[in-house]
Number of protein chains: 2
Amino acid sequence: MSIVIDIVFETPPTLPAAASIIIGVAFPQRVKMSDVARTAGVSVATVSKVVNGRYGVAAATVERVQQVISQLGYEASLGAQSLRSHRTNVLGILVAEFEPFSTELLKGASKEVAGTGYQLLAYSSGDGGGTSIGWERRSLARLSGTLIDGAVIVTPTVVETKQDFHVVAVDPHTGPSGLPTIDSDNFAGAVLATNYLLSLGHRRIGHLSGRPDLESARLREAGFRKAMADAGVAVDERLVRVGGFRVESAEAPAFELLSLPDRPTAVFAGNDLSAISTMDVARGMGLSVPDDLSVIGFDNVPESALVNPPLTTITQPLQRMGAEALRLLVDLIAGVERSTHIRLPTELVVRSSCRPFPPPPRASLPLTVRPT
Amino acid sequence: MSIVIDIVFETPPTLPAAASIIIGVAFPQRVKMSDVARTAGVSVATVSKVVNGRYGVAAATVERVQQVISQLGYEASLGAQSLRSHRTNVLGILVAEFEPFSTELLKGASKEVAGTGYQLLAYSSGDGGGTSIGWERRSLARLSGTLIDGAVIVTPTVVETKQDFHVVAVDPHTGPSGLPTIDSDNFAGAVLATNYLLSLGHRRIGHLSGRPDLESARLREAGFRKAMADAGVAVDERLVRVGGFRVESAEAPAFELLSLPDRPTAVFAGNDLSAISTMDVARGMGLSVPDDLSVIGFDNVPESALVNPPLTTITQPLQRMGAEALRLLVDLIAGVERSTHIRLPTELVVRSSCRPFPPPPRASLPLTVRPT
DNA sequence: ATGAAAGCGCTAACAA
DNA sequence: TTGTTAGCGCTTTCAT
């Protein structure tokens with residue numbers, strides 16, 4: 001008896017009942033493949049075949065299903081799709097945080113991805129302060145295998161390479177591991193920066209380095225020391241401090257540097273953010289940049305041009321680095337044979353935060369016209 | 001008989017066989033929950049409970065499972081997790097493309113998300129040229145319901161609001177629908193820009209508008225006309241052209257504008273990118289900005305300060321808009337009662353692309369010092 | 001040419 | 001306290 005009742009309640013799968021059609025019509029919810037199937041009067045398997053362009057579906061059926069798809073506005077769920085197929089045509093860019101550096105890379109990658117058939121998914125672990133190390137590993141574990149077909153990781157500390165999953169690192173914290181890598185010539189850039197300050201006549205030059213565990217930071221400091229040595233200028237170790245690469249972390253060491261009785265006449269900051277921080281600190285101490293202190297940065301993030309005075313800095317081709325990273329990733333996935341280490345050049349960008357030392361005699365320019 | 005054979009081949013679920021342990025040890029692949037379960041000698045259900053902090057697991061078990069998790073470096077798959085639980089603690093930001101405008105919003109959102117417990121996932125449809133309309137609908141359909149708990153959509157044309165899924169629009173193309181919205185005071189900003197040009201003495205002022213189907217473009221043009229009318233200056237309709245909001249789309253109309261026999265002495269471009277485009281076109285025609293032509297933009301993307309001459313523009317607090325959008329979304333999800341329409345103020349940023357008209361007599365400043 | 005059924009990695013009833 | 005079971009929405013054999 002009870003068996004009979006059960007059968008009455010269950011809709012036999014062979015009968016796409018009238019009730020289904022009613023449901024299919026009024027559907028304010030997310031429309032899923034089963035909705036398409038029901039409305040088109042076919043199975044989900046058939047819809048899947050149509051969606052993925054598989055063979056073995058009658059032309060008429062394809063037609064009808066596609067009709068329903070566009071009518072219902074169906075779009076496959078990325079989550080479900082990837083869980084099953086392990087192929088999504090989505091590439092990931094994993095960052096700790098969306099700040100000037102990573103967003104410039106993003107712009108470059110975004111341009112490059114056009115026409116490749118991939119879409120871009122940028123994922124921020126939300127770990128701005130670098131408090132929890134291993135964000136790159138966690139983000140990767142969370143997204144790889146499902147969701148994305150490959151990843152660009154920005155300034156990772158460590159990345160164990162999973163098999164069957166392609167990863168390229170941009171500006172990794174440790175030196176070239178086996179990982180495909182894009183970076184810029186940090187060493188040469190640092191030499192460039194230091195030589196510029198030297199050429200302006202500075203001799204007491206300070207350096208605000210990044211954390212010593214970062215490869216780029218190490219290289220920039222090494223470049224600084226090399227240029228100083230080549231110029232025969234001794235480095236005063238009290239003028240070399242760890243500034244980290246963030247605005248907040250640079251404040252204290254910058255203050256210490258500028259509080260020294262014989263403070264430096266110029267500072268080479270490890271990156272633009274710490275340079276900007278240094279300028280802020282200087283201003284707070286009543287020092288004028290560049291009159292009392294020359295400051296040079298590194299990176300050339302857009303923000304460096306927006307501060308007052310505009311920051312003289314070393315430019316890395318950030319957008320191009322993002323583009324190259326994306327291209328490398330695409331090639332890797334496609335199995336293209338190519339070199340997997342790309343180093344891009346750096347260049348000096350002179351703006352207004354540096355001045356010769358000692359300062360030239362200040363001429364008072366007679367102002368003949370004062371615009372309203 | 002055959003039944004007996006079947007039973008022999010199937011591993012009884014009550015016996016986590018020795019074979020499993022071997023597999024569990026050497027595992028270079030992505031580690032999944034079942035691996036953790038096997039290694040810890042519990043069921044996946046128990047692991048799930050531990051991962052999600054559910055009650056009803058012995059302290060000792062929790063301990064052991066957590067041990068294994070960190071030892072194996074297990075991280076839940078976003079795809080699988082969201083497919084099942086419909087709750088991911090990930091918020092999406094949907095953009096057509098990662099360009100200066102959207103990346104500024106991203107920076108603001110990224111700062112705001114810290115401490116909310118959410119992570120950020122920015123998704124680019126890859127539709128830069130605006131070729132395929134409806135990218136926002138497609139991206140949303142692809143990610144909502146799974147993967148993300150809510151979304152911020154940047155400059156959407158249309159968005160049908162799904163039930164049970166929160167969406168906030170930033171600078172939507174159409175006027176305020178029912179959708180929660182963040183935008184800036186486009187009208188007031190346009191008045192500001194126009195008044196500035198008028199105050200410099202300009203009367204023949206051109207306007208390069210956005211596409212008329214965009215609300216922000218309409219408002220900016222309306223503000224322009226209002227300011228002109230209030231100043232009693234007639235708008236020459238030949239000086240008003242559709243520039244679109246992109247560098248490429250602005251080139252032709254800018255050229256037309258500047259080729260006019262009585263070309264404008266100043267141009268108010270609908271946004272920074274078209275202003276930059278206008279400056280390029282002017283340069284190509286041998287016109288000097290600001291000497292022969294004043295140009296003012298709108299948005300204040302970082303790039304506007306990087307061009308030569310630096311662009312005078314109207315600033316929208318882009319990062320703050322991103323932050324407000326994110327906060328609104330979080331509140332919406334949390335069910336907080338609050339206003340769902342936020343309009344932020346615009347401001348004039350004077351840089352170097354505008355000059356009084358007619359130009360003041362050019363005084364030749366005697367250069368007494370020329371720095372090397 | 002089409003559909004039934006299994007299963008991707010996970011969560012949530014419910015049983016034990 | 002723990003495990004069994006049934007799916008989430010999709011793809012993919014394998015029958016039919």
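The sequence lines fix the lettering, A, B, ..., with proteins before strands; numbering per chain opens at 1.
Here B:Val42 lies in heavy-atom contact (under 4.0 Å) with sugar-phosphate atoms only. In this structure, A:Ser82 reaches neither bases nor backbone, as no heavy-atom distance under 4.0 Å exists between it and the strands shown. Using a 4.0 Å heavy-atom cutoff across all strands shown, A:Tyr55 reaches no nucleic acid atom at all. Heavy atoms of A:Ser77 sit under 4.0 angstrom from primed sugar atoms or phosphate atoms, though from no base atom. Within the nucleic acid shown, A:Ala58 comes within 4.0 Å of sugar-phosphate atoms alone, with no base atom in reach, counting heavy atoms only.
Of the side-chain N and O atoms in A:Ser48, none sit less than 4.0 angstrom from OP1 or OP2 of D:dC10. Here B:Ser43 reaches the OP1 or OP2 of D:dG3: one of its side-chain N or O atoms lies under 4.0 Å away. A sub-4.0 Å separation between OP1 or OP2 of D:dT2 and a side-chain N or O of B:Thr61 is present. Not one side-chain nitrogen or oxygen of A:Thr46 sits closer than 4.0 Å to the OP1 or OP2 atom of C:dT2.
Atom pair A:Arg64:CZ and C:dA1:P shows a separation of 14 Å (rounding to whole Å applied). A:Asn89 places its CG atom 12 Å from the P atom of D:dT11, with the value rounded to the nearest Å. Straight-line distance from the CG atom of B:Leu147 to the P atom of C:dC8: 19 Å, rounded to whole Å. Atoms OH (B:Tyr74) and P (C:dC10) sit 4 Å apart, rounded to a whole Å. Rounded to an integer number of Å, the gap from CZ of B:Arg54 to C1' of C:dA12 is 9 Å. Rounded to whole Å, atom C1' of D:dC8 lies 15 Å from atom CD of A:Gln81. Straight-line distance from the CG atom of B:Leu83 to the P atom of C:dG7: 17 Å, rounded to whole Å. Between the NZ atom of B:Lys49 and the C1' atom of C:dT11 there is a distance of 10 Å, rounded to whole Å.
Taking every side-chain heavy atom of A:Ala45 into account, D:dT12 is the closest of D:dT12, C:dG9, D:dC8.
Not a single donor-acceptor pair, N or O on each side, falls under 3.5 Å between the base of D:dG9 and the side chain of A:Arg84.
Neither side chain, B:Arg87 nor B:Gln81, offers a donor N or O lying under 3.5 Å from an acceptor on the other. For B:Ser139 and B:Glu136, the side-chain atoms include no donor-acceptor pair closer than 3.5 Å. For the 3.5 Å distance criterion, the side chains of A:Asp171 and A:Thr155 fail to qualify, holding no donor opposite an acceptor.
Residue-to-nucleotide proximity on DNA chain D shows that, of B:Gly56 and A:Glu75, the 5′-proximal contact is made by B:Gly56.
A:Ala325 approaches A:Val170 most closely through the heavy-atom pair CB-CG2, 3.6 Å.
For the pair A:Asp35 and A:Lys32, the salt-bridge criterion is not met [side-chain N within less than 4.0 Å of a carboxylate O].
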